[in-house]
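For reference, the structure is listed below as structure tokens.
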Number of protein chains: 2
Amino acid sequence: MQGYDPSAFPPFAVTVDLAVFTVRAMRLHVLLVERGQDPHRGRWALPGGFLLPHEAAEQAARRELAEETGLSCDTTEGLHLEQLRTYSDPDRDPRMRVVSVAFTALLPDLPEPRGGGDAARARWTPRDEASPLAFDHDRILADAHERIGAKLEYTCLATAFCPAAFTLGELRQVYETVWGVALDRPNFRRKVLATPGFVEPVAGGPRRTGARGKPAALYTAGPARSLHPPLLRPEGRPR
Amino acid sequence: MQGYDPSAFPPFAVTVDLAVFTVRAMRLHVLLVERGQDPHRGRWALPGGFLLPHEAAEQAARRELAEETGLSCDTTEGLHLEQLRTYSDPDRDPRMRVVSVAFTALLPDLPEPRGGGDAARARWTPRDEASPLAFDHDRILADAHERIGAKLEYTCLATAFCPAAFTLGELRQVYETVWGVALDRPNFRRKVLATPGFVEPVAGGPRRTGARGKPAALYTAGPARSLHPPLLRPEGRPR
DNA sequence: ACTTTTATAGTCACACTGACTTTTAAGGGG
DNA sequence: CCCCTTAAAAGTCAGTGTGACTATAAAAGT
């Protein structure tokens, strides 16, 4: 029905929702906001909001993220946003038809965000303590978690969780935290270093003080974007 | 901006677009319709159309596919539709803001479709002769082709291109056609048969007549949905 | 001094892969 | 009817990546 009489098409509200993850204290955390308006006022939800008439979805996602969490422009501008999928169940919003385009993003551990816009508050929440969320955001969060877990296998995305310089132990913890499994240290090291362009050694003496064990060498993210061969998650070996 | 005054949100038109592929005569084909209305009247485009007020995107995709191409209900009901991504560039439609949710589907070779609804005509077109299409459909088609190519690597999706019973040679042609590379016959056979649940042998004597060479055994799609280990496409070996 | 923790190095058997050869069974042409 | 072509099916073999494991090194805590 691609007729174009402007009055002939059913109007929809279009929103964006963001599942923004970080690894903090060995646990996967997700960025949540407390809703300041009905419906679901006072409940926690993924950050997001309405598309403006001139915006593409990704622009709107960046804007809402900055508005609702006060993350700095430095953070949000360079941030890699990936479209997850679109949720269009007619009943997903109790008041009206809202079609929502969901995005996923990964950040290194950052200071606590602040609320703003329509968000009363914002905070990092451990992923397994996030439910129940408003609307169908539990479903979106589950899809996003599954997606980033899968992407770690065949992309270099894990470095997006790490600060500019990191140790292989920190990188390994990203995988262990997202997948919820324990990985063999020497084998992980071998695979990462065998993939050209995944990580590159950085000068600067080994490791900041305060940690235990032998000092580790520091690395930065390399230019590679994909992993050949992939780093597959083990099947059934819980941590 | 999650305010809920019904007059406070910008209204958008929401459409679905479908990239439906098949393998016919050793070439990848895509289902196209000729537009019967402006804009782009007379040009070829992916089938699709407006979401109705009560519909989820996937329902709308099924309905539009049936309306515009006359494919039988048997075909469209059981069809596996996969959401590709959502296109929301403000300029993607010359008349107004249209946000489109794109889907991908795979079919075995079928009779020629007919037009219907807003489609003047419908036909299977070789994928490399499809451009230029209306709107941003060249981009959607490219994304869809890339996606199905990637999915063949780690899912059992290839059997969706095949009839109920097929030979390993036919299955291999699916991979070769979508990827545009030549695969080693013995190695392909070994990998497919080594993956439990990918294909299952079927009784009925070998191969229908009319083909040359030694008769091949027939198989049907097995219960497996994913491929472990994956069947990776070779890097730089054009057919 | 000793234990704990983590990084780093190295070993080994096994599975999978790509490249290749050989054999079998059909059709087509002279 | 023989031979050639085509494609399926079966097998070989060397190289590579992997999981499981052991050993050594260098820090912090007790």
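In the text below, chain A, chain B and the rest are named by the order of the sequence lines, each starting its count at 1. Only a predicted model underlies this, so the values are computations on that prediction, with no experimental measurement involved.
- A side-chain donor-acceptor contact under 3.5 Å links Y87(A) and D143(A).
- At distances below 3.5 Å, at least one donor-acceptor pair connects side-chain atoms of R43(B) with backbone N or O atoms of L133(B).
- Distance, D184(A) CG to dA9(C) P: 15 Å, rounded to whole Å.
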Extract all donor-acceptor atom pairs below 3.5 Å that involve side chains of residues 104-111 of chain A and protein atoms in other chains or at least two apart in sequence.
from, atom 1, to, atom 2, distance (Å)
D109(A), OD1, R24(A), NE, 2.8
D109(A), OD1, R24(A), NH2, 3.0

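- Of the two residues contacting DNA chain C, namely Y219(A) and P230(B), the nearest-nucleotide position lying further toward the 5' end is that of Y219(A).
- Judged purely by atom type and a 3.5 angstrom limit, T167(B) uses its side chain to pair as donor or acceptor with the backbone of E170(B).
- Taking 4.0 angstrom as the limit, R189(A) places a side-chain polar atom (N or O) nearer than this to OP1 or OP2 of dA9(C).
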Practice item. Assess whether salt bridge (charged side-chain N to carboxylate O under 4.0 Å, His left out) is satisfied between E34(B) and R123(B), documenting all intermediate values. Key: CA-CA 9 Å; E34(B) 186 182 347; R123(B) 71 169 183 205; over 6 Å; no
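- Protein atom CD of E170(B) is 12 Å distant from nucleotide atom C1' of dA7(D), rounded to whole Å.
- Ring geometry for Y175(B) versus W179(B): interplanar angle over 60°, hence perpendicular rather than tilted (30 to 60°).
- With hydrogens and angles ignored, no donor-acceptor pair under 3.5 angstrom links the side chain of R190(B) to the base of dG11(D).
- The phosphate of dT6(C) (OP1 or OP2) has no side-chain N or O of R172(A) nearer than 4.0 angstrom.
- In this structure, a donor-acceptor pair under 3.5 Å is present between the side chains of H145(B) and R127(B).
- Rounded to whole Å, atom P of dG17(D) lies 20 Å from atom NE2 of H228(B).
- Put simply, CG on N187(A) is 15 Å from P on dC12(C), counting in whole angstrom units.
- Look at CD on Q173(A): it is 13 Å from C1' on dT5(C), rounded to the nearest Å.
- Checking dT30(D) for Watson-Crick or G-U wobble geometry (two distances, each under 3.5 Å) identifies dA1(C) as its partner.
- Counting to the nearest Å, the P atom of dA7(C) and the CG atom of L218(A) are 12 Å from each other.
- Residue P229(B) has its side chain nearest to dC16(C) when only dT21(C), dC21(D), dC16(C) are considered.
- Across the protein-nucleic acid pair, L183(B) atom CG and dA8(D) atom P stand 13 Å apart, rounded to whole Å.
- In this structure, A217(A) reaches the sugar-phosphate backbone alone: every heavy-atom distance under 4.0 Å involves primed, P, OP1 or OP2 atoms, never a base.
- Rounded to whole angstrom, the span from the CZ atom of F188(B) across to the P atom of dA8(D) amounts to 11 Å.
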Would you list the protein and nucleotides 22-26 of chain C atom pairs, both N or O, that sit under 3.5 Å from each other?
from, atom 1, to, atom 2, distance (Å)
dA25(C), N3, K214(B), N, 3.4

